[in-house]
Structures are given as structure tokens and as C-alpha cells.
A.B. asks: 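Let me give you the structure first, and then I'll get to my questions.
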2 protein chains.
Amino acid sequence: MAKKKQTERVTIIDVARVAGVSKTTVSRYLSGQYHVLSENTKHRIEKAIQQLNYRPNQMARGLKGDRSYLIGMVVADITNPFSTAILRGAEDVCKKKGYSLMVCNTDNDPAKERDYIFMLQSHRIDGLLINTTGHNNEFLRELANDRIPVVLVDRKVPELGFDTIGLDNEQATGEAVHFILHQGYGQVAFFSEPLAGVSSRQERAAVFARVLNQCGYPDHHLYEVDLQSPEQLNDALDSFLKRTEGRKRAIFAANGVVMLKLIRSLQLKKLSIPEDLAVMGFDDFEWAPLIAPGITTIAQPTYQIGVTAMERIFQRLDGDDSPAQNIAFAGKLIVRGSTPPVK
Amino acid sequence: MAKKKQTERVTIIDVARVAGVSKTTVSRYLSGQYHVLSENTKHRIEKAIQQLNYRPNQMARGLKGDRSYLIGMVVADITNPFSTAILRGAEDVCKKKGYSLMVCNTDNDPAKERDYIFMLQSHRIDGLLINTTGHNNEFLRELANDRIPVVLVDRKVPELGFDTIGLDNEQATGEAVHFILHQGYGQVAFFSEPLAGVSSRQERAAVFARVLNQCGYPDHHLYEVDLQSPEQLNDALDSFLKRTEGRKRAIFAANGVVMLKLIRSLQLKKLSIPEDLAVMGFDDFEWAPLIAPGITTIAQPTYQIGVTAMERIFQRLDGDDSPAQNIAFAGKLIVRGSTPPVK
DNA sequence: TTGTAAGCGTTATCAG
DNA sequence: CTGATAACGCTTACAA
């Protein structure tokens with residue numbers, strides 16, 4: 001065997017040579033055009049590929065024009081189980097289609113997000129799933145100009161005209177707030193990360209406020225806390241506790257991460273759930289039933305959201321150019337011991 | 001402005017035309033060879049790039065030869081917080097270096113793993129971080145032949161001769177087992193997912209057994225459970241409880257996921273921690289302090305593991321060809337209420 | 001059923 | 001300091 005330089009890769013030409021055909025023929029084989037290949041040729045190519053351990057070069061393939069077989073996925077926080085459940089669904093669909101996922105974690109930082117979008121564009125991704133900060137609309141619009149399908153996950157930006165997938169916040173929040181009021185809590189606080197730019201938080205907060213008003217509870221409390229600085233959550237909690245001293249109160253967390261930090265704070269303050277405070281919130285993470293007395297949550301069909309989002313991408317790639325859809329999944333209220341009826 | 005077909009992308013030639021220079025010159029600009037460019041030219045190119053909104057095409061760049069600027073990351077379970085914490089560290093390093101991560105989730109399935117490695121090879125990844133099932137060694141070895149750096153995370157496969165990063169299971173497990181024995185538990189069970197092929201589980205189980213023997217506790221119990229079938233964990237638990245009835249017993253979980261499922265089982269059986277059973281295990285996930293009475297854990301420096309693993313990749317890419325390293329980080333025992341001293 | 005040749009967007013080698 | 005030109009590995013007319 002001829003000696004090869006270590007880095008020298010085997011190409012379609014090598015395969016062609018070994019199989020005794022032209023590279024065009026090999027290319028035909030690779031793209032599955034078996035009907036134009038004689039059995040014999042097909043076999044010889046198969047054998048050559050085996051023997052040489054050939055791997056088609058996607059970069060060359062992609063360069064030629066149409067597809068990179070790469071999908072970008074930009075998430076705000078990869079360590080949030082909400083994100084990974086979606087990622088898992090998205091990835092399963094990608095795999096089935098022969099696509100790979102490029103995953104980017106922005107920490108909600110518009111600058112990082114911008115860098116990543118730039119990178120992804122450089123790699124000529126065929127589609128993008130994004131949990132956007134909402135501050136890079138020009139960049140995103142550019143993708144649209146390049147006819148790259150974009151699906152917004154969890155966070156809408158109506159002006160962009162992209163497909164959007166997430167929870168039905170109207171239904172889910174409404175149900176949850178009605179529930180907690182029905183349990184008899186007169187003082188309910190909504191704890192969320194900063195609302196600015198994040199539609200899901202805004203929607204939840206808005207529905208929260210509206211339902212409270214409609215039901216005749218003017219005393220509600222909305223706290224926006226930045227989880228980067230631990231004191232903020234603590235301060236908000238103190239403030240709420242002070243303002244509602246002696247009354248039946250509950251906290252409604254805008255997502256699972258907020259809820260976890262919140263419960264941690266309560267624990268450090270030696271407050272008990274539900275005696276001192278009822279607690280409920282979005283995201284039914286695995287620990288929810290295990291933290292005494294069991295935390296009431298709103299489950300989101302995260303895996304399904306990921307699957308559906310990615311399917312939308314492929315529909316677009318397959319030529320669907322219908323108007324942008326907004327797909328909202330129902331949330332499911334899961335009642336546990338943290339929100340008992342007030343006696 | 002000339003009308004462009006929607007999909008027509010702007011290339012280095014467009015930039016060259018607008019800037020009034022050759023594409024070679026633009027290429028020089030792009031690769032930062034400013035010392036060979038006149039200020040004037042540099043400026044004109046800058047402006048053209050701005051104006052056209054040009055993005056260099058990585059596929060073309062990669063095709064030309066050297067680098068794809070893509071790193072593959074293959075994990076056994078993307079929804080395991082252990083994996084995502086590592087991913088986060090790995091990704092931060094990648095971003096700093098201008099690289100992107102292709103993330104693949106294998107569910108511990110060797111066939112999926114094989115598919116993914118194939119895909120990643122097709123995309124000509126420059127490096128690979130992998131949590132391998134241990135059943136695709138031929139494929140992995142091939143990567144090594146292509147001089148692509150591979151770093152094994154959490155799971156070793158000595159015969160492959162790759163760099164390896166993970167926990168110091170000897171130290172961490174030893175410390176933990178000594179601790180639980182010291183607390184006075186005579187009956188300790190080790191619960192793990194199937195050991196076969198996964199070195200970290202094997203090491204932990206081995207140290208567990210050895211230390212128990214050394215300390216004069218012949219009665220130890222090793223349970224391998226497949227978390228896919230929920231009954232297995234339950235059955236194992238029942239068996240352990242029956243065999244140790246009336247004695248002071250503890251369970252040591254081989255990782256955070258096992259521990260969570262285990263605690264869930266205990267809860268459904270109405271067993272209390274630590275009255276009926278002490279519990280401890282690997283992985284200090286965020287819920288550990290919140291599940292009463294606080295779960296004793298062994299924290300792994302996951303973010304750091306991810307960072308270090310990826311740094312190793314880049315060292316290799318930068319030409320380091322020293323023998324394979326095995327980097328083991330110390331675990332930290334975090335004692336909480338789930339493992340009180342036996343009275 | 002198969003082959004030839006042009007071209008995808010870069011970079012690198014030469015030559016000015 | 002700048003510019004032709006030839007690759008890189010593949011697909012796709014167009015021929016045969």
C-alpha cells in the first residue's frame with residue numbers, strides 16, 4: 001500500500017480508483033441514485049468504500065451549494081432542564097433526518113447571542129432554533145433574507161414573522177392563578193426573572209395580574225429578580241413577607257429555576273412550605289414531588305416542544321412557505337402539597 | 001442595486017469587487033495579515049464587508065484544508081445535569097477559540113453512538129469530547145488515525161490511548177464509604193446503573209467493595225439497575241430492605257440520576273430518610289439540599305471538567321503530542337442530614 | 001449505464 | 001503591498 005501522509009484523507013477519487021469507476025458514478029451511489037447503477041458497479045463501489053473506510057466530506061458537499069446538514073440551536077441557559085428537554089426532542093428529529101445540531105449557550109447575553117448567530121451563519125446552517133434575548137432582530141432578519149428557517153422557542157418576537165413554539169401561557173397561567181385563588185390565598189406574588197424582552201415571562205406576568213384583578217384581588221405583587229445576584233431574590237422575598245405579614249400568602253414562580261432558588265431561600269430563612277407560605281410555579285422538574293410537601297407545578301411538554309419546533313424547520317426546508325405559525329401547547333397543572341386549601 | 005436571487009449569498013468575490021481589490025487581498029484581510037495591507041486597502045475592505053454584510057463561508061474555508069472549526073461532543077444523556085454542566089464548560093472554551101460545538105445524545109446506545117461518530121467524521125470535526133459507551137472502539141481509533149484529538153470524559157477506555165478526564169473515583173468513593181461506615185451504618189448498598197463498559201461506575205463499585213472488605217464489613221450489597229425499567233430499582237430496593245431488616249442501613253447511589261429515582265421510590269414506599277434508611281450519592285445537584293433532611297452528596301467539579309477537557313483538545317490541536325493524560329479531579333463530600341450518625 | 005468537466009468559496013503559492 | 005491561479009472534495013449538467 002502506498003504510504004500516505006498522516007492527515008491525508010480518503011476522497012471520492014480514491015473510492016473511484018479502487019472501484020474502477022469515475023467519481024461521478026461514486027457520487028451517484030452516495031446520493032442513492034441506485035436506479036442508474038448496474039448491480040456490479042454498485043457492488044464494487046460498496047466494497048471500495050468499505051475497504052477504504054471512506055466518509056463523504058460534508059464541507060465539500062455543502063460548498064457545492066444546497067445544504068450544510070447543520071441546524072443551529074441557540075439557548076439562553078443550557079443547564080436549565082427546560083432547555084435540555086427541548087434539545088433532546090429537537091436532536092431526535094435532527095438525527096432522523098441526517099442532520100446535526102450546533103448548540104450555543106448565550107446566558108441571555110445579547111452580545112454572545114450575536115456572536116453565535118454570526119458563527120452559525122458562517123457555517124451556513126440550514127435552520128435555526130432559538131430562545132432569543134430579543135435584542136438581535138436585525139441579525140435574525142438577515143437569516144430570513146437568506147431563506148433560512150428560524151423557529152423561536154418559548155420567546156416570541158412578533159415583528160420578525162417567524163414560526164413560534166411554546167406554552168399556552170394564557171391557558172396555563174390562567175388555570176394556575178384561578179387554582180391558587182380558589183385554594184383561598186389572598187396574597188399571591190409572582191416571582192420572575194427580568195421581564196424585558198422575554199415574551200413568555202411577560203405573558204405570564206400579564207395574565208397573572210389580569211386574573212387577580214378580575215377575581216377581585218387588588219393586592220398582588222410582582223417581583224422581577226436577576227438570579228445572578230442572590231440578594232435580589234432574598235430582598236424581594238423579605239419585602240413580600242413583610243407586606244403580607246399574618247395573611248395567607250402564596251408565591252407563584254415564573255419558571256423552575258426561579259422556583260428552585262426561591263425554595264432554597266425559604267429554607268435558609270427556616271420558613272416552611274406550606275405553613276408559612278404556599279409555593280407553586282412553572283416547570284415540573286423531577287425534584288418537584290420530592291421536596292416536601294411536594295411542589296405544585298405546571299408541567300410543560302418540553303420534549304414535544306423540541307420535536308415540534310424541529311419538525312417545523314424541516315417543513316420549511318421542504319418548501320412550506322405558509323404564513324408563520326404560533327404553536328402553543330397546553331400546560332398541565334399538577335397539584336401537590338405545597339398549595340393546600342386555606343382553612 | 002442589481003437584483004439578486006434570494007438564495008444568492010455574498011462571497012469574497014463580491015467583497016473584492018466592491019472594495020476594488022482582488023479576492024486574495026480580501027482573504028489576507030480575513031485572516032488578519034494586516035501587516036501586508038495598506039491602511040487604505042484595509043479600510044476599503046472593511047467598508048465593503050460592512051456594506052455587503054459578508055460572512056466568510058466556513059465550509060469553503062474548511063474544504064481548503066486545515067480546519068472545520070467544529071468540535072464534536074457526544075454525551076450519553078443530555079438531560080443529565082452532569083452532562084450539561086460539562087457541556088457548559090466545554091462550550092465556553094470553544095467560544096473563546098472561535099469554535100462551535102456539535103452536540104450528540106446517544107442514550108447509551110452504541111448504534112446511535114456509531115451513527116453520530118460517523119456524522120461527525122463527515123463534518124470533519126477537529127476534535128471530539130466523548131462519554132463513550134465503550135462499544136465503538138474501532139471507530140474511535142480511526143479518529144486517532146486521522147490525528148483528531150479525542151478526550152474521553154468520565155469514562156475511560158485504556159486501550160484507546162486517549163486523554164481522559166473525570167473524577168478521582170478512588171479518592172471520592174473511598175472518602176464517602178469511610179464516612180458512611182464511620183457514621184455507624186453496618187449495612188450499605190451500592191446502587192448503580194449497569195456497570196458493563198462504564199469505567200466510572202466500575203471504579204466506584206470496586207472501591208466501594210474493597211473499602212467495605214478492608215473495614216471488616218463483609219455484608220455489602222451491589223445492585224445494578226437499568227433505569228429504563230422502573231421495576232428494577234424497586235425490586236432491588238425491596239430485596240435490600242428485606243435482607244437487612246431491623247439493621248442500620250444506608251444506600252450509596254452511583255450518580256445523581258440514580259439517587260433521584262431512588263429517593264422517589266423511597267417516597268412512594270412511605271419510607272423516611274434517614275429514619276428508615278440513610279441515603280447518599282454522587283453528584284451534588286441543586287435539589288440535594290432541598291430534599292429533606294438534605295441529601296449527603298459527593299460534588300464533582302463538572303464545569304471545570306468540561307473546561308479542562310476542551311482545553312486538552314486545543315492543546316492537542318496546538319501540537320502537543322505528549323503521551324495520553326488521565327486527569328482526575330477530586331470530589332468533595334458534602335454532608336447533610338440524610339446520613340446522621342447512628343445512635 | 002457511465003464519464004468529462006465546470007464550479008461551489010476559500011486559501012496558498014507564486015509572481016510581480 | 002497586490003494579484004493570478006491552482007487546488008480542496010464534491011455535485012451536476014452535458015455528453016457518450
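Since this is a predicted model, take the numbers as computed values, not measurements. Reminder, nothing fancy here: chain letters follow the sequence lines and each chain counts from 1.
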A.B. asks: Which part of the nucleic acid does B:Thr41 contact within heavy-atom distance under 4.0 Å: base, sugar-phosphate only, or nothing?
C.D. replies: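 The residue B:Thr41 makes sugar-phosphate contact but no base contact.
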
A.B. asks: Looking across every strand, which nucleic acid part, if any, lies under 4.0 Å from A:Tyr29 by heavy atom: base, sugar-phosphate, or nothing?
C.D. replies: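 Nothing, no heavy atom under 4.0 Å.
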
A.B. asks: Quick one: is the NZ or CZ of B:Arg155 closer than 6.0 Å to the six-membered ring centre of B:Phe82, and within 45° of its axis?
C.D. replies: no

A.B. asks: Please answer whether the main-chain N or O of A:Phe162 pairs with a side-chain N or O of A:Thr164 as donor and acceptor at a distance below 3.5 Å.
C.D. replies: yes

A.B. asks: Using atom CD1 of B:Ile49 as one end and atom P of C:dG9 as the other, report the distance to the nearest whole Å.
C.D. replies: 16 Å

A.B. asks: Determine the sole option in B:Thr133, B:Thr106, B:Asn108 for which the side-chain hydrogen bond (donor to acceptor under 3.5 Å, both in side chains) test with B:Glu113 is passed.
C.D. replies: B:Thr133

A.B. asks: Output yes when A:Asp115 and A:Lys112 qualify as a salt bridge under the 4.0 Å nitrogen-oxygen rule, no when they do not.
C.D. replies: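 No.
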
A.B. asks: Which part of the nucleic acid, if any, lies within reach of A:Tyr54 when heavy atoms closer than 4.0 Å are counted: base, sugar-phosphate only, or nothing?
C.D. replies: sugar-phosphate

A.B. asks: Answer yes or no: side-chain N or O of A:Arg28 and base N or O of C:dG3 forming a donor-acceptor pair under 3.5 Å.
C.D. replies: yes

A.B. asks: Start at the 5' end of DNA chain D and walk down; is the nucleotide closest to B:Lys64 or to B:Val36 reached first?
C.D. replies: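 Between the two, 5'-proximity favours B:Val36.
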
A.B. asks: By nearest nucleotide on DNA chain C, pick out whichever of B:Ser27 and A:Leu37 is the more 5' one.
C.D. replies: A:Leu37

A.B. asks: Between the side chains of A:Ser27 and A:Thr24, is a donor N or O closer than 3.5 angstrom to an acceptor N or O?
C.D. replies: no

A.B. asks: Measure CE/A:Met59 against C1'/C:dC8 and give the value in whole Å, please.
C.D. replies: 13 Å

A.B. asks: Expressed as a whole number of angstroms, how long is the span from A:Leu63:CG to D:dT12:C1'?
C.D. replies: 14 Å

A.B. asks: Atom CG of B:Asn40 and atom P of D:dC1: how far apart are they, to the nearest Å?
C.D. replies: 12 Å

A.B. asks: Would you mind reading off the distance between B:Asn57 atom CG and D:dC8 atom P, rounded to a whole angstrom?
C.D. replies: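 Taking atom P of D:dC8 as the reference, CG of B:Asn57 is at 18 Å.
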
A.B. asks: Is there a donor N/O on one and an acceptor N/O on the other, under 3.5 Å, for the side chain of B:Lys23 and the base of C:dT10?
C.D. replies: yes

A.B. asks: Can you see if the side chain of B:Ser22 gets near the phosphate of D:dG3 - specifically, an N or O under 4.0 Å from OP1 or OP2?
C.D. replies: yes

A.B. asks: Specify the residue among B:Thr24 and A:Thr25 whose closest nucleotide of DNA chain C lies further upstream toward the 5′ end.
C.D. replies: A:Thr25

A.B. asks: In whole angstrom, give the distance that lies between atom CG of A:Leu52 and atom C1' of D:dG9.
C.D. replies: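 The answer, rounded to whole Å, is 15 Å.
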
A.B. asks: For the pair made of CD in A:Gln58 and P in D:dG9, what is the distance, rounded to whole Å?
C.D. replies: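 Going from CD in A:Gln58 over to P in D:dG9 covers 15 Å.
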
A.B. asks: Nearest-Å distance, CD (A:Gln33) to P (C:dG3)?
C.D. replies: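 That distance rounds to 14 Å.
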
